[in-house]
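The analysis underlying the following values was restricted to heavy atoms, covering all of them including side chains, and did not include hydrogens, waters or symmetry mates.
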Amino acid sequence: MRITSARNPKVRAWAELKTRRGRLEQGRFLVEGAREAARARAAGIRPQAWLVWPERAGAEEAALLADAPAYELSEAAMRKVSYRENPPALIGVFERPARRLEDLPTRPRRVLVAVEIEKPGNLGAMLRSADASGADAVLVVGEAVDPENPNVIRTSTGTVFTLPLAAVDHDAARAWLRERGLQIVAAAPRARRVYWEADLSGPTAFVVGAEDRGLPPGWLEAADLAVRIPMEGVADSLNASVSAALLLYEGLRQQRRG
């Protein structure tokens, strides 16, 4: 089916998926780009429709179109739907996954807990670090940003679909970590202990908050250990994704050594 008008009702409904409210109300979300869409489908997330910019599409996009209705969109319609300034040749409309705690590994060794992360780009970069460092699971805690945000998907390069991930509230996250015997390590700039001095060789959850506010008091109280990342310059905080990467890789180093 060919759609040329950006005012088409289907196009308007798809465009609403760029907002959190639209994703929640419709129960679906957008995946922009063939690489990210392929990773979503490979993870078992069901596509509902494919939106194709035929003038730009090639073999990579065509290979994905077998399992859902495909719509050819004009440039104007594609720009209406896309979150990006330069839209890709393919956008997938997918059913929102459940993201439940019960679907996560039962005996994780390294877990990233991203608490109230407000910037989608930060959360996406944190997911890339979790994937690269071999984290067993990620908990996205709070209401700041959802994993299906288009910019999270883009900056994670689709690893948001390949990682075992649950989006939960604070109490449920802490209970799940305790039930699995994970050491809860909170990143706190005023902590006494430097992160590489801590024993991270056992099953550990690394808890990282927003860089402007840090972690809420409930997480600092629940932590078994608080650690800091040394900062020698004038900056008073690190990017949240950088902090997550440092902690995850130190955990990986110690666990491999052990």
Side-chain angles (χ1 to χ4, degrees), residues 43 97 99-101 103-149 152-153 155-170 172-189 191 195-196 198-211 213-216 218-220 222-229 237-256:
R99 306 287 192 193
R100 300 173 302 184
L101 285 169
D103 296 327
L104 299 182
T106 56
R107 299 182 66 184
R109 293 279 295 170
R110 271 171 292 120
V111 174
L112 172 64
V113 185
V115 178
E116 300 288 359
I117 303 300
E118 294 182 338
K119 297 178 181 178
N122 275 350
L123 180 57
M126 292 170 81
L127 296 176
R128 288 176 69 179
S129 295
D131 173 80
S133 63
D136 298 301
V138 177
L139 304 185
V140 177
V141 180
E143 298 294 330
V145 65
D146 64 298
E148 286 77 47
N149 181 290
V152 172
I153 296 169
T155 54
S156 78
T157 65
T159 57
V160 64
F161 307 124
T162 60
L163 282 163
L165 185 152
V168 294
D169 64 31
H170 298 269
R174 287 191 286 261
W176 186 85
L177 296 173
R178 289 296 186 204
E179 288 167 3
R180 276 142 193 83
L182 288 154
Q183 174 184 220
I184 299 176
V185 175
Y195 75 100
W196 62 66
D199 183 358
L200 309 175
S201 60
T204 302
F206 300 99
V207 188
V208 179
E211 56 204 58
R213 300 191 315 272
L215 289 170
W219 280 101
L220 295 174
D224 300 301
L225 181 66
V227 298
R228 63 181 172 87
I229 298 169
S237 67
L238 280 177
N239 181 278
S241 64
V242 174
S243 298
L246 289 170
L247 295 173
L248 286 165
Y249 272 101
E250 178 61 16
L252 173 63
R253 184 188 72 83
Q254 290 193 26
Q255 291 181 7
R256 281 187 171 177

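- Defined by atom type and a distance below 3.5 Å, a donor-acceptor pair is missing between the side-chain atoms of Asp199 and Gln183.
- Contact record, Leu215 with Gly209: CD2-N, 3.4 Å, taken as the closest heavy-atom pair.
- The backbone N or O of Arg110 sits less than 3.5 Å from a side-chain atom of Asp136, completing a donor-acceptor pair.
- Under the 4.5 Å side-chain criterion, counting only non-hydrogen atoms from C-beta, Val115 is in contact with Pro216.
- Although no hydrogens or angles enter the test, the distance criterion places a donor-acceptor pair under 3.5 Å between the side chain of Glu211 and the main chain of Ala240.
- Arg109 places a side-chain N or O within donor-acceptor distance of the main-chain N or O of Ser201, the cut-off being under 3.5 Å.
- Between the CG atom in Leu200 and the CG atom in Leu247 there is a gap of 8.0 Å [rounded to 0.5 Å].
- Here Met126 contributes atom CE and Leu163 contributes atom CG; the two are 12.0 Å apart, rounded to the nearest 0.5 Å.
- A heavy-atom distance below 4.5 Å is found between the side chains of Pro97 and Glu148.
- Ser133 and Leu252 make their closest contact through O-CD2, 3.8 Å (heavy atoms, listed as atom of the first residue, atom of the second, distance).
- Between Pro147 and Leu165, the shortest heavy-atom distance links the atoms CG-CD2, 3.8 Å.
- Looking at Arg178 and Asp224, their side chains come closer than 4.5 Å, going by heavy atoms from C-beta outward.
- The nearest pair of heavy atoms linking Ser129 to Ser241 is OG-O, 4.2 Å.
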Test side chain to side chain contact (heavy atoms under 4.5 Å, CB included) applied to Trp176 and Leu182, step by step: CA-CA 9 Å; Trp176 186 85; Leu182 288 154; 4.1 Å; yes
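- Taking the side chain as every heavy atom from C-beta outward, Leu139 and Leu104 approach each other to under 4.5 Å.
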Stepwise side chain to side chain contact (heavy atoms under 4.5 Å, CB included) test for Thr157 and Asp131: CA-CA 10 Å; Thr157 65; Asp131 173 80; over 6 Å; no
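- Not a single donor-acceptor pair under 3.5 Å links the side chain of Glu250 to the backbone N or O of Tyr195.
- For the pair Val208 and Ser243, the tightest heavy-atom approach, listed with the atom from each and the gap, is CG1-CB, 4.4 Å.
- A side-chain contact (heavy atoms from CB on, under 4.5 Å) with Leu127 holds for exactly one of Asn122, Leu112, Val138; it is Val138.
- Between Ile184 and Val113, the closest side-chain pair of non-hydrogen atoms is not below 4.5 Å.
- Here the closest non-hydrogen pair linking Ala198 and Gln254 is O-NE2, 3.0 Å.
- Within the 4.5 Å cutoff, no side-chain heavy atoms of Arg228 are placed close to those of Pro189.
- From Asp146, atom CG reaches atom CD1 of Ile117 across 13.5 Å, with rounding to the nearest 0.5 Å.
- For the pair Trp196/Leu246, no side-chain contact is recorded, criterion being any heavy-atom separation below 4.5 Å from C-beta on.
- The closest donor-acceptor contact from the side chain of Arg107 to the backbone of Pro203 lies at 3.5 Å or more, if one exists at all.
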